[in-house]
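All ligand and atom numbering here is 1-based and tracks the order in the structure. Atom set for the values below is all heavy atoms of this structure, side chains included, hydrogens, waters and symmetry mates excluded.
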Amino acid sequence: MKACRREAAPYTPVWLMRQAGRYMPEYREVREKFGFLALCTRPEVAAEVTVTAVRRLGVDAAIIFADILLPLIPMKLGLSYEAGGGPRIERRVASAEDVSALREIEPAESLSFVADAIRIVRRELPDRPLIGFAGAPFTLASYMIEGGSSRDYRLTKTFMYREPMAWDRLMGMLAKITGKYLQMQAAAGADLIQLFDSWVGALSPADYRRFVMPYSRAALAPLAGRIPTIHFGTGTAGLLEAMREAGGDVIGVDWRVNLREAWSRLGNGVAIQGNLDPMVLLAETAEIRRQVKIVLEQADGRPGHIFNLGHGILPQTPVDHAIALVDMVHELTSR
Ligand code: CP3
């Protein structure tokens, strides 16, 4: 929490995106009993998975176990996750008419299971900040329009360029839902939140400003001054200043940018999260240590650094390496 406020901390805090996931045997064991969506929608199980990862890794924050696509369930778009594959959206948004037909949901009602899970974790981990999260409007829209994951976002960008009015309506609706969803999580006890705009790096800076920035800003605005917010994206070297303008007390960056350069572009008024390449955790520990030192040197002990991977931890990661990483960050930054 100090790092979010850019205050000096006794050591650099660290957590890992997707820290509860398939690389962890405890998670795989729970997944044998429940499907992924069953896991997300059962507060006791989601809370257990959240807490287990924190205890196993010794990280400085918990992140509530959920998924950015959960709002698509009450929107009735036919969300499912294929074994081994990615998410699938049965009724994708293909036209302006499809946008008009979308249901505007009330997260406090239809996603209340996330609030329940947050309350359980809050009780079980009283001494650790708990991160709530949501997908940013662009990244959510990309799944809704593509019908799943995509390599080039061809359908999303085509929709954006050909149907700018419908795009604005869709993004406006998603910003409103996301803002309410994040407020619900804050009210339930989340200490900070992260907005995941994972795929926004697919856009030019001009397109980001025209088609995305107002909506990410609107999604984050209700939290401003309430709890700290982390604004994360990947491939965002061309978008850093614009993302900062959209909002966030902390800007999350991936490994494609030099942390020192990112910070000098963003200025002192913001904290930074990142940015070890998750692939580095597949290396031997000596190489992991060398790479952790590079990230820490770039952060230069400045208050306001939250150590993280540049993107989610890979399923192939040895748990021991993730634990070693957390220990290294604490040991190398202890002041
Ligand atoms: O960080 C955490 O530990 C909290 C849990 C969390 C999950 N998804 C669990 C999950 C978080 C924060 C997310 C966010 C999320 N979900 C993002 C943004 C982060 C990112 O990676 O860019 C995105 C794009 C999604 C959508 C999503 N969910 C995809 C593309 C997939 C399939 C790919 C994959 O990794 O399997 C999922 C499924 C998913 N979400 C899993 C987990 C643990 C794996 C599902 C399983 O157990 O089979």
**Message:** Tell me if a side-chain donor or acceptor on R103 pairs with a main-chain N or O of P74 at a distance below 3.5 Å.
**Reply:** yes

**Prompt:** Does the E146 side chain pair with the main chain of L155, one donor and one acceptor, at a distance under 3.5 Å?
**Reply:** yes

**Prompt:** In terms of the angle between their ring planes, are Y81 and F36 parallel, tilted or perpendicular, with boundaries placed at 30° and 60°?
**Reply:** perpendicular

**Complete:** Contact set, ligand 1, heavy-atom distance under 4.0 Å, ordered by chain/number, equals M17, R18, Q19, A20, R22, Y27, R31, F36, I63, I64, F65, A66, D67, I68, Y81, G86, P87, F133, Y143, F196, S198, W199, H311

**Item:** Electrostatic pair R42-D116, nearest N-O below 4.0 angstrom
**Value:** no

**Complete:** Per salt bridge (charged side-chain N to carboxylate O under 4.0 Å, His left out), D191 is matched among R122, R226, R128 by R122

**Request:** Please confirm whether the backbone N or O of A237 pairs with a side-chain atom of R265, one donor and one acceptor, at under 3.5 Å?
**Result:** yes

